[in-house]
Amino acid sequence: MDADTKPADQHPQTPSTDEHHNPDKGGGLPLIQYWAEHTLSPEGPKLWQTLLHKSACLSCAWGTGGQKGGFTNEVGESLQRCMKSVEAISAEIQPPVKHHFFDEHSISQLQQLTSREADRLGRLSFPVILREGKTHYERISWQEIYQIAESAFRKAPERVASYSSGRSSNEAAYLLQLMMRTLGSNNLADCSDLCHVASTVGLKEMFGSGTSMVSLESLQKADCVVLVGSNAPANHPRLMNELIKLRDRGGKVIVVNPVQEVGLLKFASPAFPLTSLINGSEIASLYLQLIPGSDVALFVGIQKALIEQNLLKIDYLKDHTQGWEAVIDYAQLTPWEKITQTCGLSQPEIEVAAQMIASSKGVIFAWAMGVTQHTNGVDNVFAIANTALLSGNAGKEGAGTMPIRGHSNVQGYGSMGVTIRLKKEIQEALEKLLGRSLSRVPGYHARDLIEAAYGGKVDTLICVGGNLYAANPDLNQAKAALGQIETIFYLATKPNLGHFHGLARKNTIIIPVLNRFENPHKTTTESGNNFVRLNDEGKTHITEGYLISEVEFLSELAARLLGDYPVNWRGLQDTKYIRQLIAQTIPGFEKMATIDETGEEFTIGDRIFTEPLFATASGKASMYVTPIPELSLPTLKDFGLPESVKGIVLTLITLRSYSQHNTVVYKEHDYYRGMPHRHCILMNQKDAHSGGWQEHQRVTVQGDAGKLENVEIIFGSVRTGAAVMFYPEANVIFKAKTDPRCGIPGFKRVPVLIYA
Ligand SMILES: Nc1nc2c(c(=O)[nH]1)N[C@H]1C(S)=C(S)[C@@H](COP(=O)(O)OP(=O)(O)OC[C@H]3O[C@@H](n4cnc5c(=O)[nH]c(N)nc54)[C@H](O)[C@@H]3O)O[C@H]1N2
Ligand SMILES: Nc1nc2c(c(=O)[nH]1)N[C@H]1C(S)=C(S)[C@@H](COP(=O)(O)OP(=O)(O)OC[C@H]3O[C@@H](n4cnc5c(=O)[nH]c(N)nc54)[C@H](O)[C@@H]3O)O[C@H]1N2
Ligand code: SF4
Ligand SMILES: [Mo]
């Protein structure tokens with residue numbers, strides 16, 4: 001193995017102290033430094049070319065880029081490209097994986113690689129297969145790939161499944177679901193099942209629409225943002241510009257988060273070089289550091305304070321909502337003690353939050369994974385949206401509910417029908433297209449897919465991007481589950497852990513694909529703000545390779561399996577014809593029919609509510625009572641620890657470092673949290689001392705599925721009782737407990753035992 005692919009010491013003993021210091025603000029000069037290093041390096045020209053390409057940013061769903069140019073957001077403001085975007089592009093413009101790499105490295109060697117090392121192997125540039133009983137991936141011809149695929153996809157439809165991750169285009173997503181549903185399978189698992197599905201399910205029930213009801217324009221009119229369970233400085237950096245501007249115009253930001261994220265206290269944005277970059281801008285007006293998993297209690301508390309202080313918008317509730325009486329009764333009847341004990345915040349703190357909300361003209365409630373990834377994720381969403389409604393903050397300019405979406409096109413995937421909860425209108429349109437009904441067998445979401453595979457119920461899996469293996473809890477189970485599947489196809493741009501650990505029983509095939517700025521035809525994507533972007537065609541820098549576009553692969557496969565039914569599949573290789581189909585069958589996407597001629601990017605119809613007339617049958621929002629969760633923790637005994645060993649039980653939050661994109665790690669350390677490498681646990685000094693430990697001491701962290709040893713303690717501003725570790729590494733130690741209403745795992749509240 002050559003130097004750059006050698007497995008790193010996974011448990012380094014000495015922290016690199018130069019990288020271990022706690023900055024007093026997020027963003028700032030390190031961002032400029034990063035830009036400079038990359039844009040002035042040998043990759044610089046290609047990086048600039050890509051940044052200027054007319055396509056949406058690859059990284060997050062904030063949706064910068066598109067036809068107005070690489071640096072422009074949807075309201076036309078420039079300088080909106082962040083360092084994360086550079087990070088993502090820089091990974092995609094790597095040279096290809098070396099020619100003989102897979103011949104020279106066995107699977108067991110590849111399994112030693114860390115996430116970062118796998119990513120740094122370079123771009124995948126030729127298809128490979130790992131055959132049953134073999135030790136090495138080997139090259140495979142396209143002809144054989146299609147041969148294997150044709151028989152793999154002819155299995156019973158219930159035994160065929162897909163998983164996808166929202167980096168690819170709407171066109172690829174549409175093809176994927178049309179092919180799967182025509183084959184008779186509804187098993188369209190997607191990364192959103194592990195991400196914002198709780199928001200989609202909750203918001204759809206309340207408002208009849210599962211996405212954000214706020215446009216970027218509307219956000220710019222708010223005077224208060226309640227930011228719940230989001231680390232936007234790392235994961236949606238351009239949202240920080242909006243928060244800075246809001247504070248500058250006198251607005252308030254209420255942050256709800258068990259961890260004091262430095263960038264949420266103060267953020268230095270390069271978009272404002274004179275006013276923000278050097279000294280930073282204050283973000284949080286109020287920081288509520290609650291117990292992980294207790295958001296329902298906090299929001300019921302805010303509701304109670306609104307009631308007690310006579311701040312409810314009763315006329316609004318009567319006119320535009322239903323079910324409000326029960327929600328008010330519940331908040332009234334719930335004692336303050338129960339609320340404060342569950343969330344760990346005081347009554348005065350909660351009352352201040354309520355007053356801030358009530359005294360603002362327009363409040364936007366925004367949230368991310370700290371809200372959704374809980375076993376009561378849907379209740380969390382209900383509780384937040386109830387609060388928005390009780391204070392009259394839904395259905396007007398400058399107000400509303402705003403889930404902050406993850407992958408750059410994850411929302412587009414849902415819109416295109418890659419979901420196990422297909423909208424009735426799409427179902428009907430597809431049935432019309434097919435001339436018959438769709439299968440009524442319910443599909444598998446991501447967790448059910450793993451469980452079904454584990455039970456031997458899946459023969460064939462196609463993964464359009466992503467890393468199903470490492471995105472799941474209980475990595476050993478995920479590995480065993482994937483190992484039961486006969487054939488797996490991974491369509492991917494770069495190697496990842498899943499390609500080396502998520503191996504099928506017979507054939508695992510990796511298919512190298514073109515990314516968003518390399519496709520031979522135009523594509524579209526959808527931002528979290530419901531804005532459809534048009535991405536220009538482009539070229540790849542990989543000259544010696546056999547890359548394919550996702551659309552070409554899927555349409556060829558479908559043509560071989562389905563002939564001309566119900567469409568001329570091969571004709572769809574020109575994506576403009578897929579856009580015609582989308583315009584015909586997906587409500588709100590009518591403008592897709594003309595986007596090729598007009599180039600006009602657009603906001604999807606019936607999703608942004610500036611009037612309190614919602615997309616439900618009655619036009620009213622439905623409110624639901626949200627029971628306060630019982631947040632107990634297992635005891636030392638439950639973990640089976642002998643009494644002689646001293647340990648403590650904490651609630652572990654598993655999240656992203658400041659330098660990773662989901663399961664893909666870009667840098668080993670986390671500068672902003674002062675974590676020198678990934679084998680650390682961030683905890684409150686008080687908790688460490690109660691265990692009798694000092695900073696940098698090594699401990700074992702044990703969950704219900706396994707343990708990680710030799711983990712370095714780092715002190716941080718985490719709420720007592722809680723701790724932080726990075727995903728995907730931490731996913732090996734805990735089993736999935738999910739919200740039964742949507743299947744999302746409780747990644748943000750994992751009980752762990754810590755002992756030395
Ligand atoms: N650079 C970069 N950008 C990304 C990604 C990336 O990995 N890297 N991933 C993309 C994707 S797919 C997604 S889904 C998003 C993720 O974006 P985020 O949701 O911001 O990501 P996380 O790192 O999971 O951080 C969740 C935050 O929730 C807080 N939290 C944890 N538990 C609780 C709780 O019980 N209550 C509350 N109120 N807060 C809690 C954590 O302390 C943390 O600050 O980002 C997208 N953008
Ligand atoms: N413990 C814990 N687990 C979590 C989470 C957590 O917070 N804590 N977060 C969850 C969340 S929110 C999510 S979204 C999932 C993420 O889960 P996934 O979406 O499954 O994983 P990613 O790491 O984003 O996938 C990265 C891979 O996508 C491929 N890729 C990149 N671009 C393209 C493209 O254009 N086309 C194709 N075909 N492939 C491409 C590359 O090969 C890359 O290695 O993880 C979930 N798991
Ligand atoms: S905020 Fe998100 S979409 Fe905008 S440039 Fe940064 S990573 Fe890209
Ligand atoms: Mo996500």
Side-chain angles (χ1 to χ4, degrees), residues 51 56-66 70-74 79-89 165-167 190-197 199 226-242 255-261 263-264 288-296 298-299 343 366-374 376-377 380 384 403-408 410 466 471 525 527-529 533 629 631 651-666 673 682 716-719 722 724 726-728 744 746-750:
L51 280 166
C57 168
L58 296 174
S59 189
C60 86
W62 199 245
T64 311
F71 285 85
T72 313
N73 66 14
E74 53 219 63
L79 265 184
Q80 298 287 325
R81 202 74 173 227
C82 76
M83 182 199 121
K84 297 292 154 190
S85 185
V86 176
E87 236 172 24
I89 295 172
S165 150
R167 270 268 179 108
D190 186 73
C191 69
S192 62
D193 299 333
L194 307 169
C195 181
H196 259 299
V197 67
S199 311
V226 185
L227 186 70
V228 199
S230 149
N231 186 23
N235 299 322
H236 302 87
R238 291 304 89 166
L239 169 58
M240 299 311 292
N241 288 351
E242 303 305 327
V255 174
V256 181
N257 200 315
V259 182
Q260 267 196 17
E261 304 285 10
L264 292 177
L288 298 173
Q289 223 178 333
L290 79 182
I291 290 170
S294 72
D295 296 69
V296 164
L298 166 64
F299 282 94
C343 69
W367 67 88
M369 296 304 101
V371 166
T372 59
Q373 292 176 334
H374 286 288
N376 65 340
N380 278 341
I384 294 174
I404 312 167
R405 300 298 303 249
H407 271 295
S408 53
V410 63
T525 46
S527 80
N529 307 324
R533 288 277 188 203
L631 298 178
T651 305
L652 187 69
I653 297 169
T654 59
L655 45 57
R656 295 150 179 80
S657 82
Y658 273 75
S659 237
Q660 74 183 77
H661 191 96
N662 295 339
T663 70
V664 179
V665 174
Y666 295 133
R673 295 196 184 101
L682 190 75
S717 311
V718 185
R719 216 209 127 86
V724 166
F726 296 136
Y727 118 88
I744 199 164
F747 289 127
K748 296 292 191 266
R749 196 182 153 83
V750 179

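Ligands are counted one by one from 1 in listed order, and the atoms in each one are counted from 1 as well. Please read these numbers as outputs of a predicted model, since none were measured by experiment.
Here the side chain of Arg405 pairs no donor or acceptor atom with the backbone of His196 at under 3.5 angstrom.
Remark: the Ser659 side chain and the Glu87 side chain contain an N/O donor-acceptor pair separated by less than 3.5 Å.
Remark: Leu631 CG to His374 NE2 distance equals 9.0 Å, nearest 0.5 Å. Taking CG of Asp295 as the reference point, atom CG of Leu290 lies at 4.5 Å (rounded to 0.5 Å). The OG1 atom of Thr64 sits 11.0 Å away from atom CG of Leu51, with the distance rounded to the nearest 0.5 Å. To the nearest 0.5 Å, atoms CG (Leu194) and CD1 (Ile744) are separated by 7.0 Å.
Around atom 8 (Fe) of ligand 3, protein N, O or S atoms at less than 2.8 Å number 1.
Qualifying salt bridge (Lys or Arg N to Asp or Glu O under 4.0 Å) partners for Arg167, counting only residues two or more places apart in sequence or in other chains: Glu92. Judged as a salt bridge (Lys or Arg N to Asp or Glu O under 4.0 Å), and not counting sequence neighbours, Lys748 has no contacts.
Results of the side chain to side chain donor-acceptor pair (under 3.5 Å) test with Arg656 over Thr663, Asn662, Asn235 single out Asn662 as the only residue that passes.
At a 4.0 Å heavy-atom cut-off, the residues surrounding ligand 1 are Cys60, Lys84, Cys195, Val228, Gly229, Ser230, Asn231, Ala234, Asn235, His236, Val256, Asn257, Pro258, Val259, Glu261, Leu290, Pro292, Gly293, Asp295, Ala368, Met369, Gly370, His374, Gly406, His407, Ile653, Leu655, Arg656, Gln660, His661, Asn662, Lys748, listed by chain and number.
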